[in-house]
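Take a look at the structure set out below.
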Amino acid sequence: ADVLKKLIEAHDSTQSHVTWRIEIGGDSLDFYLPEQRFLLRDNKMTIDTLVDNALSTPVSGQKRLNRHSVGTPHAVPMSMPLDMLLWRIGLRIALNPNMPWLRDDVVLRLKRWPDFGRLGVKKGHLALASLMTKDCWRADGLLEASGQKKAEMQSFLTACGLCGLLEIENAASTTVVQPVPRRAGVSGLFRSLRNALRMGG
């Protein structure tokens with residue numbers, strides 16, 4: 001994820017069409033910029049297999065390729081949007097308190113609803129997304145309002161953060177929603193949807 005972030009932000013990547021081949025533990029993928037699509041070089045490899053290797057093995061090499069020699073991303077049937085890879089990495093990566101979306105002095109909001117049909121969805125994601133598309137939240141308030149486990153919430157925030165789905169602002173300059181006290185017998189998902197829609201007392 002760090003390597004991809006640096007390549008995305010590089011000046012050359014924003015000025016021209018670039019393809020990078022990235023080697024990870026004997027596996028490789030082609031990464032197309034600025035289209036932000038990727039291609040697994042081994043047809044038998046899955047995204048989850050690549051993530052397994054990426055989380056246990058550092059990037060061993062990266063090479064800039066001639067676009068004409070590898071083809072354009074949309075001309076390659078098996079190329080996929082990069083956020084599919086970043087989402088899976090985000091759900092499984094080791095958490096670091098210095099990640100901007102995990103700091104105590106920021107508030108968070110979703111820029112848009114995640115494409116769960118394409119990215120995949122886990123229990124609790126819908127509750128978190130329904131709250132975060134409506135209001136700005138500190139992490140501790142979001143945890144209380146959603147009723148999710150802390151680790152699940154943090155992995156969701158990390159996946160959203162890596163995919164560029166989060167608005168991150170200084171907590172001191174933003175109005176923050178206060179969590180609604182939980183009621184016994186109300187499911188976490190129903191409670192979150194009710195709060196987001198301002199239903200019930």
Side-chain angles (χ1 to χ4, degrees), residues 1-103 110-112 114-125 128-129 148-166 168:
D2 290 337
V3 170
L4 294 175
K5 183 175 184 292
K6 290 178 181 177
L7 292 178
I8 291 171
E9 294 175 349
H11 176 74
D12 185 55
S13 298
T14 63
Q15 300 298 314
S16 60
H17 293 276
V18 180
T19 300
W20 290 91
R21 182 159 295 168
I22 301 175
E23 305 288 339
I24 307 173
D27 298 324
S28 64
L29 69 151
D30 288 351
F31 175 37
Y32 299 93
L33 287 168
E35 299 91 346
Q36 294 198 28
R37 296 182 68 87
F38 73 100
L39 170 69
L40 301 176
R41 299 304 306 172
D42 182 347
N43 291 333
K44 297 181 180 179
M45 190 194 311
T46 66
I47 298 178
D48 290 322
T49 300
L50 179 62
V51 172
D52 287 340
N53 291 339
L55 294 178
S56 60
T57 308
V59 170
S60 56
Q62 57 191 59
K63 178 181 179 182
R64 178 172 174 163
L65 303 177
N66 185 317
R67 179 62 65 92
H68 298 294
S69 67
V70 296
T72 61
H74 295 290
V76 180
M78 297 303 293
S79 70
M80 295 170 281
L82 182 63
D83 61 357
M84 293 178 65
L85 176 58
L86 293 176
W87 183 263
R88 286 169 171 78
I89 292 175
L91 293 180
R92 296 179 52 191
I93 198 170
L95 298 176
N96 183 326
N98 292 323
M99 290 176 173
W101 43 83
L102 297 182
R103 288 170 25 204
L110 279 175
K111 296 178 180 179
R112 59 186 179 277
D115 186 354
F116 291 126
R118 182 167 55 81
L119 299 174
V121 62
K122 289 188 174 183
K123 182 181 179 181
H125 287 182
L128 290 162
Q148 305 304 310
K149 294 181 179 179
K150 186 175 182 178
E152 291 296 325
M153 181 197 72
Q154 290 179 330
S155 66
F156 174 76
L157 294 179
T158 302
C160 289
L162 292 182
C163 290
L165 293 173
L166 292 180
I168 304 173

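Bear in mind the structure is a predicted one, so any value in this text is a computation, not a measurement. Sequential numbering from 1 along the given sequence is applied to the chain's residues.
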Requested in this report: Please name all residues satisfying salt bridge (Lys or Arg N to Asp or Glu O under 4.0 Å) with Arg118, sequence neighbours left out, ordered by chain then number.
Outcome: Asp83, Asp115

Requested in this report: List in chain and number order the residues that pass salt bridge (Lys or Arg N to Asp or Glu O under 4.0 Å) with Lys5, two or more places apart in sequence or in another chain; answer none if no residue qualifies.
Outcome: Glu9

As an exercise, state the distance from [atom1] of [X] to [atom2] of [Y], rounded to the nearest 0.5 Å.
| X | Y | atom1 | atom2 | answer |
| --- | --- | --- | --- | --- |
| Lys123 | Leu128 | NZ | CG | 12.5 Å |
| Lys122 | Phe116 | NZ | CZ | 12.5 Å |
| Leu39 | Thr19 | CG | OG1 | 10.0 Å |
| Met84 | Ile47 | CE | CD1 | 4.0 Å |
| Ile22 | Leu4 | CD1 | CG | 4.5 Å |
| Met45 | Leu50 | CE | CG | 6.0 Å |

Query raised in the report: Can you name the one residue among Arg64, Gln62, Gln36 that meets side chain to side chain contact (heavy atoms under 4.5 Å, CB included) with Leu7?
Result: Gln62

Mind listing the closest non-hydrogen atom pair of [X] and [Y] along with its distance?
| X | Y | answer |
| --- | --- | --- |
| Lys111 | Leu166 | CE-O, 3.2 Å |
| Trp87 | Cys160 | CZ3-SG, 3.8 Å |
| Pro97 | Arg103 | O-CG, 3.8 Å |

Report task. With sequence neighbours left out, write down each residue that passes side chain to side chain donor-acceptor pair (under 3.5 Å) with Thr57, or none if nothing qualifies. Result -> none

Got a sec, which residues hit side chain to side chain contact (heavy atoms under 4.5 Å, CB included) with [X], two or more places apart in sequence or on another chain?
| X | value |
| --- | --- |
| Ser60 | Glu23 |
| Lys149 | Glu152 |
| Asn98 | Asn96 |
| Asp2 | none |

[X] side chain near [Y] side chain, heavy-atom distance below 4.5 Å:
| X | Y | result |
| --- | --- | --- |
| His17 | Leu33 | no |
| Leu82 | Ile8 | yes |
| Ile24 | Leu29 | yes |
| Lys150 | Leu95 | no |
| Leu165 | Trp101 | no |

Requested in this report: Report the relative orientation of the aromatic rings in Phe156 and His125; use parallel for angles under 30°, tilted for 30 to 60°, perpendicular for over 60°.
Outcome: tilted

Query raised in the report: How would you list all residue pairs meeting salt bridge (Lys or Arg N to Asp or Glu O under 4.0 Å) that involve residues 39-61, not counting sequence neighbours?
Result: Asp30-Arg41, Asp48-Arg88, Asp52-Arg92

